[in-house]
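Side chains included, hydrogens not; waters and symmetry mates left out as well; all remaining heavy atoms used.
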Amino acid sequence: METEQAWTHLGAGEGVERDLAGTLQSVFGFSGFRPHQEEVVRALLDGRDVFAVMPTGAGKSLCYQLPALLLPGVCLVISPLISLMKDQVDAAKAIGLKAAFLNSSQGAAEQREVAAALRAGELDLLYVSPERFAMDSFTALLGSVRLGFVAIDEAHCISEWGHDFRPDYLQLAQIVKLFPSCPIAAFTATATRRVARDIIGKLGLRSPYELRASFNRPNLFYQVLPKTDPDRQLLAFVRSRPGQQGIIYRMTRRSVEETAAVLCANGIRALPYHAGLEDKVRSAHQEAFNRDETDVVVATIAFGMGIDKSNVRYVVHGDLPKNIESYYQETGRAGRDGDPAHCLLLFGYGDAPRITYFIEQITDHTARRHAQNCLQDMVRFGSAHVCRRKQLLAYFNEQYPEENCGTCDVCAGDAEEVDATVEAQMLLSAMVRTGNRFGANHILDVVAGANTQKIRQFGHDQLKTYGVGSGKSKRYLQRVLQNLESQGFVQRSGDRYPVLGVTRRSGAVLGGEKRFRMIKPVETAAVWESRSGADEAAAPCHMPLFEALRVLRKQIAAQQGVPPFVVFSDRTLREMSASMPSNATEMQCVGGVGAHKMAQYGDAFLDAIRGFRQEHPALEPLVVEDYVVLPPKRSSRSGTVLETRALLEQGLGVEAIATQRGLTAETIMGHIEKLAADGCAVDIDSLVDTKKLEPIAAILREQERDDLKPVFEHFGGGVSYGQIRLARAWLRLRAAGAA
Ligand code: ADP
Ligand code: MG
């Protein structure tokens, strides 16, 4: 009978013709269909199941709203976000559709009203969440009304292979069982072929009309930059786009908070968004963004489907996304209005190992392999000298037809390529000669000619490839190795202790018939290096003042018997010499001047600056475009550090804590270091051999820079980096009189 339903009003073909064009114009106000909309609408009018993959901004809503208007009965729309339902319904009502929603945000009376309207056949569209659909009372209610068809938005949420699996969506498999003659239309903006098959199978669609629109988003420009100092880079990027709104994605809640704080401290309207914020705060921030009341939202990937904004002009990833699918989906939120928009990825080689660490926690073997492969694709996207657009589309099994897309950094000629064939040959050959059964570190050690226990044990110092790369930096060799893997010349096998081996493709590189190229890697210093070293030369300041402050620092350091960097880092002095603070408040805006240091050294430095300004009355504080105000550090530590503290207080040692928490001892040491920096008492005796503390202090004191390597080398590996850092933290604490 319901099949009949779908046909009764379709009988007169001509009538429908007129209805389609006329309704599109008169109700929606659109002069024509966007690509593929019409075919989807027609399939639904024909009573068929539909599975449509159409990119964000393609106009999926219209694909079910128009048939909902034309077909008898109500169209049930399953939509994942309660927070968006009201807006969607308001928008539909605004053009005269009879729409309503049912969800837990409504009071009982309101829900009764909607149910009554539904029973009375007064609705074209009813929006509900998958949870609501799972309720027996609701399906009973549906059974009593005339159901035209069911539209499922964000249908990829039903697939575990998709990037946003939601267990609630699995309930939707009941639709075909409960309402066997009701057509189903599933929509998503993202699905590989595998995910598509999975969705169709899980929903039980019956030979659906399948549509796969092109994934190409011609108005998006894709760019990848090496990640050096993300907060500064992000600030510079945002500053270069005044008046535009955009999203910055970061991997952790903590980095979200920090980046948002840096932006705010520099006068940018920015708000954080992550799952750790209270619901109320989170939705307020989202609202502010949707209503253009803030320019930037800095978010974890928790920020997604709630973005109902078509004028997002840029999406920046401050960290590596875990796979191309998420990357495509997240960047897809830019430029839905069709105007040009920019997608920037800050690519740091250090991010992949961090993600791998989490992937290794996945217990299911197949899922773990899948996640690892996806990550490799992502690394390849950032590091191979191949059109970014081509790579993205290839991921969705789509071949981009043009030679040069013109709108990515590779095609625009902004990305520099290097030939690393020689290094690649060294690494591949080392793998072959050691039998393709060692991990990355060992292979690098062989090529670099390191003298390790393992190398001696296996006699690998006798190999022809031993030490052939000793003239190259180990970092660089490591980059080449990562690129070899991401480009498919090396494969990883074995689970807990992965080993690397050559692949069939590598023969050509080894034999010299094929060159191996990659995007030139830019080296990123570790944080504590960059904080006190490399990039400082770039920060402008008044040099004579800087020199004067360094002399003062040295005096104070000598008096207190501590290394100079313990007083203030070079970077802090540089910032002081640029902004020339004249009082305590201004002083504390300088990065590295917390309350504690202000109390200890603030006056001495303020006096020096005051004196200098009297001698040089013409000098103005420098306000350079690149000037960055670092916000005061948050005093509260992240949960993981606090957890370590709790266990320490219970009397557990580092090893025991590491085992219990499934973390490495070095990580726990890092936590303790942070706790020490916060002034928490640390039982140093149990962590570092106290006889070594004074020598460590002596070596640190000798140098201006905060360099741990000389200490490490002095003890010939007898003290780990974690212990050295801990000792440093403790020495600082002692210098500050707290230990
Ligand atoms: P999607 O859900 O696929 O991301 P939406 O349904 O939200 O896309 O539509 C994106 C924008 O395109 C909306 O502003 C919508 O009004 C507009 N739109 C949809 N169809 C058409 C059309 N045929 N002509 C003009 N604009 C359209
Ligand atoms: Mg949509």
Side-chain angles (χ1 to χ4, degrees), residues 30 32-40 50-63 153-156 162-164 186-197 199 209-224 246-247 249 304-305 307 309-317 321 323-345 347 374 377-378 380-415 519:
F30 299 144
F33 284 107
R34 284 212 176 139
H36 308 294
Q37 285 179 323
E38 183 169 4
E39 38 187 304
V40 174
V50 167
F51 176 71
V53 186
M54 296 165 79
T56 307
K60 290 183 282 295
S61 324
L62 181 111
C63 294
D153 208 2
E154 315 286 358
H156 60 277
H163 69 283
D164 200 10
F187 296 91
T188 174
T190 163
T192 57
R193 300 228 181 257
R194 172 185 202 170
V195 173
R197 297 263 70 80
I199 297 173
Y209 178 79
E210 278 189 65
L211 171 94
R212 204 179 178 80
S214 170
F215 274 71
N216 187 25
R217 299 282 311 277
N219 60 323
L220 301 188
F221 188 102
Y222 299 101
Q223 181 188 23
V224 181
I247 305 168
Y249 282 106
M305 282 184 289
I307 310 161
K309 190 173 159 66
S310 62
N311 63 340
V312 176
R313 288 274 71 83
Y314 57 84
V315 170
V316 181
H317 284 78
N323 56 52
I324 295 232
E325 190 150 356
S326 323
Y327 181 68
Y328 179 83
Q329 183 74 358
E330 284 144 24
T331 52
R333 291 165 189 145
R336 272 167 59 177
D337 54 9
D339 283 351
H342 199 99
C343 307
L344 170 67
L345 164 65
F347 182 77
C374 286
D377 286 339
M378 197 62 230
R380 181 179 145 74
F381 173 83
S383 57
H385 198 265
V386 176
C387 166
R388 316 281 183 194
R389 178 164 272 105
K390 267 197 192 119
Q391 294 192 68
L392 287 179
L393 294 179
Y395 181 83
F396 294 102
N397 317 98
E398 192 178 330
Q399 202 181 348
Y400 184 71
E402 308 296 329
E403 186 56 45
N404 185 312
C405 84
T407 40
C408 78
D409 54 351
V410 173
C411 291
D414 303 338
I519 288 185

What verdict does the side chain to side chain contact (heavy atoms under 4.5 Å, CB included) test give for Leu392 and Ile324, after you've listed the backbone C-alpha separation in whole Å, the side-chain angles of each residue and the deciding distance to 0.1 Å?
CA-CA 7 Å; Leu392 287 179; Ile324 295 232; 3.7 Å; yes

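- The two residues His385 and Ala415 come nearest to each other via the heavy atoms NE2-O, 3.2 Å.
- Considering all non-hydrogen atoms of both residues, Cys411 and Cys405 come closest at SG-N, 3.3 Å.
- Of the inter-residue distances, the one linking Thr331 atom OG1 with Leu344 atom CG reads 11.5 Å to the nearest 0.5 angstrom.
- Taking OG1 of Thr56 as the reference point, atom CD of Glu330 lies at 11.0 Å (rounded to 0.5 Å).
- At distances below 3.5 Å, at least one donor-acceptor pair connects side-chain atoms of Asn219 with backbone N or O atoms of Gly335.
- To the nearest 0.5 Å, atom CZ of residue Arg197 and atom OG1 of residue Thr192 are 10.5 Å apart.
- Between the Arg336 side chain and the Lys309 main chain, no donor and acceptor come within less than 3.5 Å of each other.
- Rounded to the nearest 0.5 Å, atoms CD (Gln391) and CZ (Arg380) are 5.0 Å apart.
- Of all the heavy atoms in Gln223 and His342, the pair that sits closest is OE1-NE2, 2.8 Å.
- With no hydrogens or angles considered, a side-chain donor-acceptor pair links Glu398 and Ser214 at under 3.5 Å.
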Show the numbers, then the answer: is there a side chain to side chain contact (heavy atoms under 4.5 Å, CB included) between Phe396 and Val53? CA-CA 11 Å; Phe396 294 102; Val53 186; over 6 Å; no

| query | Does the pair Asp153 and Lys60 meet the rule for a salt bridge (Lys or Arg N to Asp or Glu O under 4.0 Å), with working shown? | reply | CA-CA 9 Å; Asp153 208 2; Lys60 290 183 282 295; 6.0 Å; no

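- Residues Arg212 and Phe215 approach most closely at NH2-CE1, 4.0 Å, considering heavy atoms.
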Using the rule given for side chain to side chain contact (heavy atoms under 4.5 Å, CB included), can you reason through Asp164 versus His156, listing the C-alpha separation, both sets of side-chain angles and the distance that settles it, and then say yes or no? CA-CA 7 Å; Asp164 200 10; His156 60 277; 4.0 Å; yes

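- Annotation: side chain of Phe221 is not in contact with side chain of Pro340 (no heavy-atom distance under 4.5 Å).
- For the atom pair CZ of Arg194 and CG of Asn397, the computed distance is 12.0 Å after rounding to the nearest 0.5 Å.
- Heavy atoms only, all atoms of each residue included: Arg217 and Pro55 are closest at CD-CB, 4.0 Å.
- Of the candidates Tyr222, Tyr314, Tyr328, Cys343 forms a side-chain contact (heavy atoms from CB on, under 4.5 Å) with just one, namely Tyr222.
- Remark: side-chain polar atoms of Arg389 are paired, donor with acceptor, to backbone N or O of Thr407 under 3.5 angstrom.
- Contact check for Tyr249 versus Arg333: side-chain heavy atoms found under the 4.5 Å cut-off.
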Query - Met378/Leu345 under side chain to side chain contact (heavy atoms under 4.5 Å, CB included): CA gap, chis, key distance, verdict - result: CA-CA 11 Å; Met378 197 62 230; Leu345 164 65; 4.0 Å; yes

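- The CZ atom of Phe33 lies 8.5 Å from the SG atom of Cys63; values are rounded to the nearest 0.5 Å.
- Scanning both residues, Val224 and Asp409, for their nearest heavy atoms gives N-OD2, 2.9 Å.
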